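This report refers to the structure that appears directly beneath it.
What you are looking at is a predicted structure, and each value in this text was computed from that prediction instead of being measured. Numbers restart at 1 for each chain; the letters A, B, ... are given by sequence-line order, proteins then strands.
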Number of protein chains: 2
Amino acid sequence: MFSKACIYAIQATIYLAQQSGERGGKPYTPVAEIAQALGIPFQFLKKIIQTLAEKGLLLTQRSAKGGVALARTANTMTVLDVIAAIDGVEMFTTECILKFPGCGNEKPCPMHNHWAVERVRLQKMFQQTNLEEVAVNVSKGLTRLGMIEMKAT
Amino acid sequence: MFSKACIYAIQATIYLAQQSGERGGKPYTPVAEIAQALGIPFQFLKKIIQTLAEKGLLLTQRSAKGGVALARTANTMTVLDVIAAIDGVEMFTTECILKFPGCGNEKPCPMHNHWAVERVRLQKMFQQTNLEEVAVNVSKGLTRLGMIEMKAT
DNA sequence: TATATTAAAGACAATATACTCTTTTATATC
DNA sequence: GATATAAAAGAGTATATTGTCTTTAATATA
């Protein structure tokens, strides 16, 4: 469904949302820390982070005590925003599940009418899920981010 | 969502369902004809067809007037059956959308509870769609298989 | 039985995705 | 202002997926 890059982007932004939620937390988190904490290849994550920064989702600071941070509050950033920045939203809007170029309501492929319904549901689901609520659930221990244990801070 | 191989498998089996639906049609369809008709790379399709045959979905006949055919009637073969043979059903059953190995109801990832709902819907959708109904719609001109025009026969 | 047709088999090539390494640049902190 | 920290930039490698080519084998048909 999603590329590895996109999956890592979602994980990293959730991690950053957690960081931003911590009282007295540092303003920036080094990419190396995120990669370490989530088990994501460091150099690969850096490129992904760069893309997210270019798309305006993250702020970067290169200096001592630098790193990256969410460009806006976690409750105004949705999982769909992150997906859109990396893999794009076409899969939820126009892309045919059989990858036929002209597929749409006028020229539907054999699966179009079924898929069009699910596609919209998926998009809504990711759009309605913001990084704050997700991060809070992780911090509460209700859900897990990767293989690491997350305890309330 | 699906690999190219899986997409081609779905297209090819729908094409074969159309063939089997035609009165007085030949029992077997050459892979070359399917590849030609649907614009699928011939040699690649042959391997995919082989896999489908190994999984029991298709019958093959190597000889003059040979080719491939559905192993059972089109109305008893679902799109999910085809997907299962190529990409597997894990994506609808156990696979985490963030690809976390241990993700499940006990140890849910941040998206698990949302995704688990959609996953099941998708599986049902593909399971409830059999090749006959799909092929009939294509033959009626209600839907299209690839870029080619399909007229009622 | 000879022949043409077509799938089977397996090596190989191209492309896309995932991942790494090295050098450079910015800047907060001391 | 010197230094250390950390991102930026870009070339390079590894792996998986997709696609091609050639040779072999089966068998229906004539």
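With hydrogens and angles ignored, no donor-acceptor pair under 3.5 angstrom links the side chain of A:K65 to the base of C:dT27. Under 3.5 Å, the side chain of A:K47 and the base of C:dT20 form at least one donor-acceptor pair of N or O atoms. Side-chain to base pairing of A:R62 with C:dT25: one donor and one acceptor N or O lie within less than 3.5 Å of each other. A:Q43 contributes no side-chain N or O that forms a donor-acceptor pair with the base of C:dC19 under 3.5 Å.
Side-chain contact between B:I86 and B:S3 is present, with heavy atoms from C-beta onward closer than 4.5 Å. Between A:E118 and B:E118 there is a side-chain heavy-atom pair separated by less than 4.5 Å. Side-chain contact check for B:Y15 versus B:E33: some heavy-atom pair is nearer than 4.5 Å.
Comparing D:dT27, C:dC19, D:dG19 against the side chain of B:S63 picks out D:dT27 as the nearest. When distances run from any side-chain atom of A:P41 to the nucleotides C:dC19, C:dA28, D:dT20, the shortest one goes to C:dC19.
Rounded to an integer number of Å, the gap from OH of A:Y8 to P of C:dA18 is 8 Å. Rounded to an integer number of Å, the gap from A:F44 CZ to D:dT13 P is 18 Å. As a whole-Å value, the separation of A:K26 NZ from D:dT5 C1' is 13 Å. Residue A:Q50 contributes atom CD, which lies 10 Å from atom P of D:dA7 at whole-angstrom precision. Per the geometry, CG belonging to A:L59 stands 16 Å off C1' belonging to D:dA8, to the nearest Å. Whole-Å rounding puts the A:L45 CG to C:dT17 P distance at 19 Å. Rounded to an integer number of Å, the gap from NZ of B:K4 to C1' of C:dT17 is 14 Å. Here D:dT20 presents its C1' atom at 16 Å from CD1 of B:I40, a figure rounded to the nearest Å.
A salt bridge does not link A:R119 to A:E90: none of the charged side-chain nitrogens sits closer than 4.0 Å to a carboxylate oxygen. With respect to the salt-bridge test (charged N to carboxylate O, under 4.0 angstrom), the residues B:D81 and B:R72 qualify.
Neither OP1 nor OP2 of C:dT5 sits under 4.0 Å from any side-chain N or O of B:Y28. Note on A:Q61: every side-chain N or O is 4.0 Å or more away from OP1 and OP2 of C:dT27. Put simply, A:T60 has no side-chain N or O that comes within less than 4.0 Å of OP1 or OP2 on D:dA6.
Nearest-nucleotide mapping onto DNA chain D: of A:A64 and A:K46, the residue sitting toward the 5' end is A:A64.
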